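The structure under discussion appears below in the form of structure tokens.
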Amino acid sequence: MPATRLTLPSPAKLNLMLHILGRREDGYHELQTLFQFLDYGDEITFAVRDDGVIRLHTEFEGVPHDSNLIVKAAKKLQEQSGCSLGIDIWIDKILPMGGGIGGGSSNAATTLLGLNHLWQLGWDEDRLAALGLTLGADVPVFVRGHAAFAEGVGEKLTPVDPEEPWYLVLVPQVSVSTAEIFSDPLLTRNSPPIKVRPVPKGNSRNDCLPVVSRRYPEVRNALNLLGNFTEAKLTGTGSCVFGGFPSKAEADKVSALLTETLTGFVAKGSNISMLHRKLQSLL
Ligand SMILES: C[C@](O)(CO)[C@H](O)COP(=O)(O)OP(=O)(O)OC[C@H]1O[C@@H](n2ccc(N)nc2=O)[C@H](O)[C@@H]1O
Ligand SMILES: Nc1ncnc2c1ncn2[C@@H]1O[C@H](COP(=O)(O)OP(=O)(O)OP(=O)(O)O)[C@@H](O)[C@H]1O
């Protein structure tokens with residue numbers, strides 16, 4: 001009997017560097033970025049229904065049911081596969097929204113992979129990643145599940161295996177709109193493309209940082225505080241700020257000092273996403 005119920009992780013990502021090379025005619029930006037996953041994220045439970053209805057039972061503040069990327073992903077997959085089954089969905093949401101750690105994109109990817117499994121569609125990763133890209137630039141890397149150097153708008157992925165340190169991630173209490181940052185006239189849009197592989201050390205800057213820290217004092221403050229202990233970086237368009245440590249104990253020590261005034265968490269960097277590790281264990 002095939003499974004009819006499944007709980008899957010939906011991990012966060014970090015952008016270890018992010019360079020903006022230019023702007024395309026459709027307004028999207030050409031990037032070079034390095035994605036790594038965190039062993040930290042949401043958990044989504046799926047239960048098959050046979051009446052074709054797609055229902056997300058967990059409410060999101062400020063996100064209507066049909067605008068939720070989980071529901072959008074499920075509906076697109078149902079439409080494009082012609083599947084007559086439906087799904088009940090619940091999520092244990094811990095990832096901040098608008099934090100630059102890819103929560104919405106990750107939820108969409110977990111939904112695509114979870115439903116492909118439960119509905120027994122047999123879609124391969126290429127097809128799921130292509131559908132994912134229509135939902136968001138960050139969805140394909142979560143579908144693939146391997147740390148990657150990304151180009152294009154984030155969809156041309158080359159798997160990489162950077163070090164996997166422990167990270168302290170600070171979560172300033174502001175939601176940053178990705179579209180707002182990408183439309184700022186002061187954004188650097190002319191970084192030279194890196195042509196050498198693997199990406200040489202010294203390229204770890206994030207071109208969004210100056211614009212984000214100018215607009216959001218909370219982010220600037222987090223960067224300054226964490227910068228007293230380690231190199232403090234911005235992920236995506238923020239708001240989250242992170243720094244790497246060689247051990248959990250060291251990350252915990254700094255966390256204990258900083259999280260008196262700021263929210264944050266400690267998590268291990270991972271080159272294979274926990275979603276893929278879980279799916280592998282089901283086979
Ligand atoms: C900046 C990153 O977080 C790096 O990981 C992502 O590229 C953003 O990915 P995402 O949140 O999935 O972004 P999308 O939902 O596709 O796009 C949100 C908005 O950001 C802008 N956008 C996004 C990605 C990109 N390469 N160029 C852009 O200009 C567009 O205005 C778009 O309307
Ligand atoms: N399932 C979802 N989880 C989170 N946000 C969602 C979801 N569905 C729709 N959204 C909308 O998408 C917006 C961006 O959410 P998300 O958490 O992906 O931001 P982010 O971490 O900055 O992403 P990225 O790094 O990909 O730019 C939210 O503010 C919310 O309005």
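Just so we're clear, the structure is a prediction, and the values are computed from it rather than from any experiment. First listed ligand is number 1; within each ligand, the first listed atom is number 1.
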Quick note, ring pair (Phe, Tyr, Trp, His ring centres under 6.0 Å) partners involving residues 104-128, not counting sequence neighbours, are none

Ring pair (Phe, Tyr, Trp, His ring centres under 6.0 Å): pairs with one or both residues in residues 48-77, sequence neighbours excluded:
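Of all non-adjacent pairs touching residues 48-77, those that pass ring pair (Phe, Tyr, Trp, His ring centres under 6.0 Å) are His57-Trp90.
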
Do Phe182 and ligand 1 have an N or O pair less than 3.5 Å apart?
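It does not: no N or O of Phe182 is found under 3.5 Å from an N or O of ligand 1.
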
| message | With nothing but distance in play, are any N or O atoms of Tyr28 less than 3.5 Å from an N or O of ligand 1? | response | yes

Taking only heavy atoms of [X] into account, list the atoms of ligand 1 that are under 4.0 Å away from them.
| X | answer |
| --- | --- |
| Val153 | 26 (N) |
| Lys13 | 3 (O), 5 (O) |
| Gly27 | 29 (O) |
| Phe35 | 5 (O) |
| Gly136 | 12 (O), 16 (O) |
| Leu31 | 7 (O), 26 (N) |

Checklist line | Closest protein heavy atom (residue, atom, distance) for atom 20 (O) of ligand 1 | finding: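 The closest heavy atom on the protein side is Thr178 CG2, 3.4 Å.
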
ask   = Looking at atom 27 (N) of ligand 1, what's its closest protein heavy atom, distance included?
value =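 Minimum-distance protein heavy atom for atom 27 (N) of ligand 1 reads His29 N, 2.8 Å.
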
Spatial distance of atom [atom1] ([X]) from atom [atom2] ([Y]) [nearest 0.5 Å]:
| X | Y | atom1 | atom2 | value |
| --- | --- | --- | --- | --- |
| Leu18 | Leu209 | CG | CG | 10.5 Å |
| Lys76 | Thr111 | NZ | OG1 | 13.5 Å |
| Ile20 | Leu187 | CD1 | CG | 4.0 Å |

Under 3.5 Å donor-acceptor, Thr235 side chain and Gly100 backbone: yes

task: Kindly say whether Thr7 contributes a backbone atom to a donor-acceptor pair with the side chain of Glu43 at under 3.5 angstrom?
output: no

Query raised in the report: Taking the non-hydrogen atoms of Ser105, is any one of them nearer than 4.0 angstrom to ligand 1?
Result: yes

### Message
Could you check whether Phe142 and Phe35 have their ring centres less than 6.0 Å apart?
### Response
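No, ring centres 6.0 Å or more apart.
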
The answer, listing residues by chain and number that come under 4.0 Å of ligand 2 through any heavy atom, is Lys13, Phe60, Val63, Ser67, Asn68, Leu69, Ile70, Lys93, Pro96, Met97, Gly98, Gly99, Gly100, Ile101, Gly102, Gly103, Gly104, Ser105, Asn107, Asp138, Thr178

Should one rank Asp138, Asp26, Val176 by closest heavy-atom distance to atom 6 (C) of ligand 1, which comes out on top?
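The nearest heavy atom belongs to Asp138.
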
Residues joined to Leu34 in its hydrophobic cluster, side chain to side chain under 4.5 Å directly or through other members, sorted by chain and number, are Leu14, Leu16, Met17, Leu38, Tyr40, Ile94, Leu95, Ile101, Phe149, Val160, Tyr167, Val169, Val171, Ile194, Val199, Phe242, Phe265

